[in-house]
Protein chains: 2
Amino acid sequence: METAAPKRRTRIQIEKREAILEAALDVFSQHGFRGATIDQIAEAAGMSKPNLLYYFRSKEEMHVTLMQRLLDTWLAPLRELDDEGDPISELRGYIRRKLEMARDFPRESRLFANEILQGAPRIMPMIEGELKTLVDEKARVMKRWMRDGKIATVDPYHLIFAIWATTQHYADFDVQVRAVLGPDRGGDGRFDDAARFLENLFLEGLRPPR
Amino acid sequence: METAAPKRRTRIQIEKREAILEAALDVFSQHGFRGATIDQIAEAAGMSKPNLLYYFRSKEEMHVTLMQRLLDTWLAPLRELDDEGDPISELRGYIRRKLEMARDFPRESRLFANEILQGAPRIMPMIEGELKTLVDEKARVMKRWMRDGKIATVDPYHLIFAIWATTQHYADFDVQVRAVLGPDRGGDGRFDDAARFLENLFLEGLRPPR
DNA sequence: ATTATTTTTGACCGATTGGACAAACGTTAG
DNA sequence: CTAACGTTTGTCCAATCGGTCAAAAATAAT
């Protein structure tokens, strides 16, 4: 028994749906769900509005399709956190991967941020389900590392929040980051600077050495 | 010579404008600028739409008025950072005050987040001006603390970003934080847990003690 | 080539949007 | 009391919104 209909799709359907989702990601991440219009998305995808609505029955259908696809990509860095690896290296790697995602997929980051900011009206089930389950699992891993004395004993949930917040900040608040850093320091190197800083912050803190 | 017209205001004008801004903060922070409607704000303020438009000529005028008022409140915690105080205590105090703002003024936090997320189309001048100036000033203070060996040598700009990101996260991503923590740990105590965690993170890092 | 199917489009719809406006209403100073 | 001024409202408008629909155009199957 299948939970979803097989849905045969032609080559054109596959291609056009992909082009639409790409355009929708652009527009939704810039203006939010309510701020985005179907006309904008259609124009960005290079087709007419009725044509777009032939592939997606509604604005909401585009949005949920995007969200479902993105969640996996978005949680991938945390999934890779290996409980059998060296704790410090694993955390360092997680921070690095998450920051790379903020650098390479800023639209995805802003799409999620927009949705959460407005109360997650369309993706709450995913947050309470898939996302929470993964966080619970990795929090248990971190607790074991703490018991074994591999890392300092802190609240693993708030640790994950802190890693999310600091890394996604460089995607979600990009314009502010660039404005504050100025034209010289706000260039491409800002992600390398951020990587160095965050790695040092999470591992060493601000207490002066020696 | 005055740069702005005196603009005499009656008692009613002062009261009504205040009520409107309060309602606008509610609606804008929930739905963003484009997602909010004048009707919604008018209803929240307990008046008709034409009546509201008698006090504010447009939706945008409400938004910029809110932004101008909020920026001072928002930057206050950083302004209080005293270059003559003890560096560690000052940073600890700054983190605490910023987290208290996220707890007590989440709507203001979300309003800013919404604006920045969408490219800061209406407040870019304030970010490049007032905000950047203050950050530059406090960054210099922190650099001196580092030269004097009072705190570890890190990039002060990214340090400020990290404090902003981690504290505002509890306002902007509140629904996600509560969902992940669950009903028992997501209650009122989550801000105390966050305060303990962040203070420890920024000062000590995750390196295991001893 | 002819049919059947998929894709695209222009025209259109009702609902909602931000805002205008004049008339009505309330308040207050003389 | 009344004239002047401040406040409120109902009505209206053009623009835009998400979405429909029938028909044309393109493509695929026979």
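Order of the sequence lines fixes the chain letters, A, B, ..., with proteins taken first and strands second; residue numbering starts at 1 for each chain.
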Nearest to side-chain heavy atoms of [X], which nucleotide of [options]:
{"X": "A:Pro50", "options": "D:dG19, C:dG10, C:dT17", "result": "C:dG10"}
{"X": "A:Arg34", "options": "D:dT9, C:dT7, C:dT17", "result": "C:dT17"}
{"X": "A:Ile38", "options": "D:dT7, C:dT8, D:dG18", "result": "D:dG18"}
{"X": "B:Lys59", "options": "D:dC17, D:dT7, C:dG19", "result": "C:dG19"}
{"X": "A:Tyr55", "options": "D:dT7, C:dT7, D:dG10", "result": "C:dT7"}

Closest-nucleotide ordering on DNA chain D, the 5'-leading residue of A:Gln40 and A:Leu53: A:Gln40
Do B:Asp136 and B:Arg140 pass the salt bridge (charged side-chain N to carboxylate O under 4.0 Å, His left out) test, and can you show the C-alpha distance, the side-chain angles, and the key distance before you say yes or no? CA-CA 6 Å; B:Asp136 284 340; B:Arg140 275 196 303 275; 5.9 Å; no
What orientation do A:Phe173 and A:His169 show, parallel under 30°, tilted 30 to 60°, or perpendicular over 60°?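 Ring orientation of A:Phe173 relative to A:His169: parallel.
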So what does A:Ala36 touch, heavy atoms closer than 4.0 Å: a base, only the sugar-phosphate, or nothing?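 Answer is sugar-phosphate: A:Ala36 comes under 4.0 Å of backbone atoms only.
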Would you indicate what A:Lys49 reaches in the nucleic acid, counting non-hydrogen atoms under 4.0 angstrom: base, sugar-phosphate, or nothing?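 Contact class for A:Lys49: base.
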Keeping the roles fixed (side chain from B:Arg190, backbone from B:Gly187), state whether a donor-acceptor pair exists under 3.5 Å. yes
Symbol by symbol from the 5' end, with Watson-Crick or G-U pairs under 3.5 Å, [ ] crossing and | another strand, DNA chain D is ||||||||||||||||||||||||||||||
